[in-house]
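Keep in mind the model is a prediction, meaning the values are calculated, not measured. Numbered from 1 within each chain, the chains take letters A, B, ... in sequence-line order.
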Amino acid sequence: MKKDIILAGVGGQGILSIATVLGEAALTNGLHIKQAEVHGMSQRGGDVQSNLRISSEPIHSDLIPYGKVDIIMSLEPMEALRYVQELSKDGWIVTSSVPFVNIPNYPEKEEIYAHLQKLPHTVMLDVEALAKEAGAPAQAANMVLLGAAIPMMDLSYEAVRDAVAKVFSRKGQDIVDKNIAALEAGYRHSVNANR
Amino acid sequence: MKLLLLGDEAIALAAIHSGISGVYAYPGTPSTEITEYIQNRQKADPASERIFCKWCTNEKTAMEAALGMSYMGKRAMVCMKHVGMNVAADAFVNSAMTGANGGLVVVAADDPSMHSSQNEQDSRFYGRFAMIPYYEPSCQQEAYDMVREAFDYSEKMKIPVLMRITTRMAHSRAEVSTWTLKDGSEDIRPQNRIHFPDNPKQWILLPANSRVRNEQLIKDKKQFGLDSAEDPHNSFTPGEDRGLAIVACGIAYNYLMENFPKGVPCGVLKLTRYPIPRKLVGEMVASGVHRVIVMEEGQPFVEDKIRGMIGSEIQVEGRLTGLLPRTGELSPDSVRAALHLNPHKTFPKDDIVVPRPPALCQGCGHRDMYAALNEVAAEYENSRVFSDIGCYTLGALPPFRAIHTTVDMGASITMAKGAADAGQFPSFAVIGDSTFTHSGITGLLDCVNSEANVVIIISDNLTTGMTGGQDSAGTGRIESICAGVGVDPAHIRVVVPLAKNMEEIKNVIREEVEYKGVSVVIPRRECIQTFKRHAREKKQQ
């Protein structure tokens with residue numbers, strides 16, 4: 001298997017925790033992984049992204065070629081569109097529907113939604129609301145997003161769940177449970193939406 | 001053992017496993033995580049052999065301290081971002097003249113595309129300039145393996161070794177197999193014991209000694225080239241197409257392989273260690289090529305050099321000839337285009353997307369400082385604000401648009417002085433606390449000695465903020481440093497940058513503008529990011 005993923009969002013939203021969980025899941029399941037991220041200046045409220053590649057074969061490039069991304073996972077709807085040139089023709093966008101407005105010229109929300117819906121495979125969900133419904137704090141919204149992308153990933157729900165448990169284990173069982181609840185909520189949403 | 005590590009972390013772990021006694025560094029993207037990894041490991045494992053890992057004041061002090069440790073026979077590593085090499089250059093270039101005793105590896109992390117830097121300089125030039133061996137690993141595993149090889153080679157040849165990496169490797173994770181003992185535990189080489197150099201004269205760079213040493217270094221350089229030809233990380237592999245060969249340097253090799261999953265149809269010279277191995281270049285020429293494409297991150301360093309090494313009947317192409325972009329980092333796509341392969345099909349760019357530039361954090365003290373400075377500066381017809389390297393460089397962007405220059409670490413103070421010398425009034429400098437101790441103190445002494453009419457704002461957030469909140473060398477001592485340098489204590493003014501103090505801050509700046517001489521204003525409030533982190537840590541305890 002081979003999955004090329006872009007994780008997108010705004011600095012501080014928690015895309016790197018998604019990368020950590022997927023890295024753990026890949027390593028435990030004997031898969032190869034490369035995950036490139038940008039640190040430093042771009043993090044201060046600017047757009048951030050990470051190229052994440054998982055494969056059963058060795059991976060050469062840290063960067064994914066344009067047009068070859070299988071999934072864009074974004075914690076912010078406009079940020080999902082920023083990388084649309086990199087998306088493969090049959091690739092998926094899984095994105096939060098909640099805009100993060102920290103710039104004066106942020107486009108109309110409805111227009112962004114329309115652009116997202118025009119693409120062939122888009123799942124849009126209110127990750128924060130779903131986290132809350134699942135009894136998890138807003139910080140676990142990133143796990144809702146990850147859960148929603150599991151059906152497109154060739155990784156089992158159980159494999160990702162176990163990785164979440166391992167990654168958050170040092171923070172205590174309560175945090176583990178809440179993150180898993182968030183993951184499951186996202187996963188269920190996606191499975192139901194695709195029926 | 002298999003671990004998922006950033007390139008930076010792979011280098012750090014390899015250095016620990018190689019038995020270093022010290023890591024010396026000043027934070028700088030993308031090199032910071034090397035030292036942080038060693039610091040965290042030392043903290044987490046108090047029973048392990050101690051490694052010196054406190055941050056240094058700047059790259060030059062780091063390089064010199066590491067050279068001192070090497071003199072004592074122990075292994076040391078120095079880490080910095082590419083522009084840090086300019087600061088360390090005096091010590092670095094002369095360390096090739098002294099040579100090393102304990103293994104000495106210098107890591108320079110270049111930043112092509114300038115993700116977080118002011119230029120794209122290529123540290124391989126420093127390796128050639130100093131005439132030492134230099135390495136450029138193509139992946140995280142190679143980075144890990146090469147560090148120990150570099151330490152071994154450094155000790156064998158009694159020479160410092162440079163390791164050049166770029167952002168894309170430094171900040172990308174991949175699985176790395178680490179050295180383990182038969183019982184499965186980490187293979188950590190014991191640290192060296194103290195032993196003085198067996199060539200003591202070489203460490204006293206008097207002209208008479210240096211002339212002798214220079215001859216030897218030039219002889220050794222030949223050997224370095226011969227040895228890089230034998231390094232298994234370097235190779236020439238002929239391909240089906242005998243007419244074409246690609247020289248793939250460092251991580252450019254990955255972009256090449258990405259485009260040919262079933263094997264490259266032409267010759268490939270994989271280059272990860274320098275000086276450029278003439279033997280392998282000879283093999284490439286002998287294979288019958290009439291065209292060579294050089295793929296390299298940074299400047300056209302190999303392309304330029306290789307053109308002189310092979311006959312003019314062979315066409316050499318790369319960044320210089322425009323086959324590859326002259327600037328910016330390479331990508332699988334730019335390499336693909338250079339190979340004239342069809343581009344992958346893509347969706348069109350979505351024009352609804354607007355830029356989301358980085359900004360100073362909400363609640364950051366630099367914001368209040370700029371708010372006050374902008375108001376006072378506007379009261380004069382031609383205020384000029386010379387700024388520096390750090391988060392506060394973002395003061396150049398809206399809404400502040402407060403600064404006129406940013407050049408290099410410490411340049412705010414000295415440029416404000418030069419401008420004042422030229423007749424500028426008012427002449428402001430804006431510099432952070434960590435940048436001030438890094439390279440601002442000597443400039444301040446120049447100001448004092450010439451009684452320059454400048455207002456120097458040291459925006460003190462008690463940390464090195466831009467790189468993620470590392471210790472700052474002068475914390476708690478900024479006023480006494482300024483006074484010690486000779487600034488009149490009556491004109492060292494401390495304020496707290498909060499909106500409620502705005503009138504007071506403006507008045508202080510106004511008063512100091514009107515004072516004819518050197519003024520230092522210190523707006524001091526903890527970085528909002530480290531403040532939040534400290535609050536979280538307290539809550540967890």
K.L.:
Check whether A:L87 gets within reach of chain B through its side chain, its backbone, both or neither, counting any heavy atom under 4.5 Å.
P.N.:
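Both parts, backbone and side chain.
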
K.L.:
Distance alone, cut at 3.5 Å: any donor-acceptor contact between the side chains of B:S434 and B:Y26?
P.N.:
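A donor-acceptor contact under 3.5 Å links the two side chains.
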
K.L.:
Within the supplied structure, the quantity of interest is the number of heavy atoms (other residues, nucleotides, ligands) at a distance under 6.0 Å from B:F347 CZ; does it exceed 12?
P.N.:
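Yes - once you tally the heavy atoms of other residues, nucleotides and ligands closer than 6.0 Å, there are more than 12.
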
K.L.:
Answer with side chain, backbone, both or neither: which region of A:I112 has an atom nearer than 4.5 Å to a non-hydrogen atom of chain B?
P.N.:
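Backbone plus side chain of A:I112, per the 4.5 Å heavy-atom cut-off to chain B.
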
K.L.:
Quick one: what part of B:P30 sits under 4.5 Å from any heavy atom of chain A, side chain, backbone, both or neither?
P.N.:
neither

K.L.:
Can you tell me if A:Y157 has over 12 outside heavy atoms packed within less than 6.0 Å of its OH?
P.N.:
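Result for OH/A:Y157: enclosed.
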
K.L.:
Are a donor atom and an acceptor atom from the side chains of B:E175 and B:Q141 found within less than 3.5 Å of each other?
P.N.:
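No - no donor-acceptor pair under 3.5 Å links their side chains.
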
K.L.:
Given a strict heavy-atom distance threshold of 4.5 Å, which part of B:D350 is in contact with chain A: side chain, backbone, both, or neither?
P.N.:
both

K.L.:
Scan side-chain atoms only and decide if B:H82 and B:E120 contain a donor-acceptor pair under the 3.5 Å cut-off.
P.N.:
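There is no such pair between these side chains.
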
K.L.:
Crowded around A:E108 CD? As in, over 12 foreign heavy atoms under 6.0 Å?
P.N.:
no

K.L.:
Please look at A:P120 and chain B and tell me whether the side chain, the backbone, both or neither of the residue comes under 4.5 angstrom of a heavy atom of that chain.
P.N.:
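Answer is side chain: those atoms of A:P120 sit under 4.5 Å from chain B.
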
K.L.:
Against chain B, work out which of A:H115, A:H60, A:H32 has the most heavy-atom pairs shorter than 4.5 Å and name it.
P.N.:
A:H60

K.L.:
If I measure from the heavy atoms of chain B, does A:N51 come under 4.5 Å with its side chain, its backbone, both, or neither?
P.N.:
neither

K.L.:
Please rank A:A36, A:P65, A:G67 by heavy-atom pairs under 4.5 Å with chain B and give me the top one.
P.N.:
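Answer, by heavy-atom pair count under 4.5 Å with chain B: A:P65.
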
K.L.:
By a 4.5 Å heavy-atom criterion (distance strictly below it), what part of A:K89 contacts chain B: side chain, backbone, both, or neither?
P.N.:
both

K.L.:
For B:L330, is it the side chain, the backbone, both, or neither that has a heavy atom closer than 4.5 Å to a heavy atom of chain A?
P.N.:
backbone

K.L.:
Mind listing the closest non-hydrogen atom pair of A:G135 and A:K178 along with its distance?
P.N.:
O-CE, 3.6 Å

K.L.:
Could you check which of B:N259, B:N254, B:T167, B:V335 has the highest count of heavy-atom pairs closer than 4.5 Å to chain A?
P.N.:
B:N254

K.L.:
I'd like to know if the side chain of B:S117 pairs up with that of B:K81 as donor and acceptor (distance under 3.5 Å, no hydrogens or angles considered).
P.N.:
yes

K.L.:
Can you say whether A:S50 sits under 4.5 Å from chain B via the side chain, the backbone, both, or neither, judging by heavy atoms?
P.N.:
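For A:S50, no heavy atom lies under 4.5 Å from chain B.
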
K.L.:
Does any backbone or side-chain atom of B:Q362 lie under 4.5 Å from a heavy atom of chain A? Answer side chain, backbone, both or neither.
P.N.:
neither

K.L.:
Give a yes-or-no answer on whether the side chains of A:T28 and A:E24 include a donor-acceptor pair shorter than 3.5 Å.
P.N.:
yes

K.L.:
Given a strict heavy-atom distance threshold of 4.5 Å, which part of A:I103 is in contact with chain B: side chain, backbone, both, or neither?
P.N.:
side chain

K.L.:
If you draw a 6.0 Å radius around CZ in B:R401, do more than 12 non-hydrogen atoms from other residues or ligands fall strictly inside?
P.N.:
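No - once you tally the heavy atoms of other residues, nucleotides and ligands closer than 6.0 Å, there are 12 at most.
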
K.L.:
Which one, A:E111, A:K171, A:E86, A:K68, leads in non-hydrogen pairs under 4.5 Å with chain B?
P.N.:
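Heavy-atom pair counts peak at A:K68.
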
K.L.:
Which one wins on heavy-atom pair count under 4.5 Å against chain A: B:P332, B:P355, B:P398, B:A170?
P.N.:
B:P332

